[in-house]
Amino acid sequence: MSMHYIGLDIHKKLYAYCIKAGDGTLLGNGVISATRPALEEWMEQLPRPWTVAMEATMFTGWIYDFIKPYADDIKVAHPEMLKAITAAKRKRSI
């Protein structure tokens with residue numbers, strides 16, 4: 001099985017997500033409520049195996065611990081570094 005890659009954007013009341021296959025094909029995106037039951041229900045429906053990347057926020061700690069049993073890997077990035085990476089990719093594509 002190929003890995004599925006998930007980007008998780010953490011906000012106070014909602015989490016935005018994007019799911020891609022190993023070949024870069026977009027499999028889905030959307031938002032879920034920022035509650036444990038909603039997060040658990042969403043994770044149980046994800047294609048396996050999967051890895052997730054999310055930015056470091058004040059909520060990241062409990063989310064990391066909560067999703068750890070479900071995910072094959074979890075990456076946490078500094079928000080300012082993510083902005084720099086995104087800006088650099090935009091400049092190269094012009």
Side-chain angles (χ1 to χ4, degrees):
M1 268 195 264
S2 67
M3 184 64 68
H4 297 86
Y5 298 92
I6 300 171
L8 192 59
D9 191 13
I10 300 168
H11 300 278
K12 188 174 183 179
K13 296 184 180 186
L14 294 172
Y15 304 143
Y17 66 88
C18 177
I19 306 170
K20 288 193 172 188
D23 65 1
T25 304
L26 179 65
L27 300 176
N29 57 36
V31 295
I32 56 173
S33 177
T35 64
R36 290 175 193 258
L39 186 57
E40 185 172 33
E41 181 180 330
W42 173 73
M43 288 187 299
E44 289 174 351
Q45 297 175 23
L46 291 174
R48 299 207 187 268
W50 56 273
T51 185
V52 63
M54 59 185 164
E55 64 183 341
T57 70
M58 63 188 293
F59 308 109
T60 302
W62 81 261
I63 297 168
Y64 183 99
D65 292 339
F66 191 73
I67 65 176
K68 191 172 182 178
Y70 296 89
D72 287 83
D73 195 16
I74 304 170
K75 302 292 183 189
V76 178
H78 189 284
E80 293 302 317
M81 293 302 293
L82 292 174
K83 288 178 187 174
I85 292 167
T86 303
K89 285 187 177 183
R90 271 191 253 134
K91 288 179 185 176
R92 276 188 268 157
S93 64
I94 293 176

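In this chain, numbering begins with 1 at the start of the sequence shown.
Across every non-hydrogen atom of W50 and I6, the tightest pair is CE3-CD1, 3.5 Å. Of all non-hydrogen atoms in E40 and Y70, the two that sit nearest each other are OE2-OH, 2.8 Å. Considering all non-hydrogen atoms of both residues, R48 and E44 come closest at NH2-CA, 4.5 Å. The shortest heavy-atom contact between A38 and S33 is CB-O, 3.5 Å. Taking both residues in full, the closest heavy atoms of K20 and L27 are given as C-CD1, 4.1 Å, listed atom of the first, atom of the second, then distance. For the pair P49 and S2, the tightest heavy-atom approach, listed with the atom from each and the gap, is CD-O, 3.6 Å.
Note: M58 CE to I63 CD1 = 11.0 Å, rounded to the nearest 0.5 Å. Here OG1 of T35 is found 13.0 Å from NZ of K13. Values are rounded to the nearest 0.5 Å.
In this structure a side-chain-to-backbone donor-acceptor pair under 3.5 Å is missing from T60 to M54. No donor-acceptor distance shorter than 3.5 angstrom exists from the side chain of H4 to the backbone of A21, with no hydrogens or angles considered.
Under a 4.5 Å side-chain heavy-atom cut-off, the cluster of Ile, Leu, Val, Met, Phe, Trp and Tyr residues that includes M3 is completed by Y5.
At a threshold of 4.5 Å between non-hydrogen side-chain atoms, the residues N29 and I19 do not count as touching. Within the 4.5 Å cutoff, side-chain heavy atoms of I74 are placed close to those of K68. Counting only heavy atoms from C-beta outward, the side chains of I32 and Y17 approach each other to under 4.5 Å.
Residues W62 and V52 are members of one and the same hydrophobic cluster, defined by side-chain heavy-atom contacts under 4.5 angstrom among Ile, Leu, Val, Met, Phe, Trp and Tyr. A continuous path of ILVMFWY side-chain contacts below 4.5 Å connects Y64 to L46, so both sit in one hydrophobic cluster. Both M43 and F59 are members of a single hydrophobic cluster when ILVMFWY side chains are connected at heavy-atom separations under 4.5 Å. Hydrophobic clustering (ILVMFWY, side-chain heavy atoms < 4.5 Å, transitive): L39 and I10 are in one cluster. L26 is not connected to V31 by any chain of hydrophobic side-chain contacts under 4.5 Å among Ile, Leu, Val, Met, Phe, Trp and Tyr, and they are in different clusters.
Applying the salt bridge (charged side-chain N to carboxylate O under 4.0 Å, His left out) test to D73 and every residue at least two apart in sequence or in another chain returns K75. Not counting sequence neighbours, Y15 has no partner by the ring pair (Phe, Tyr, Trp, His ring centres under 6.0 Å) test.
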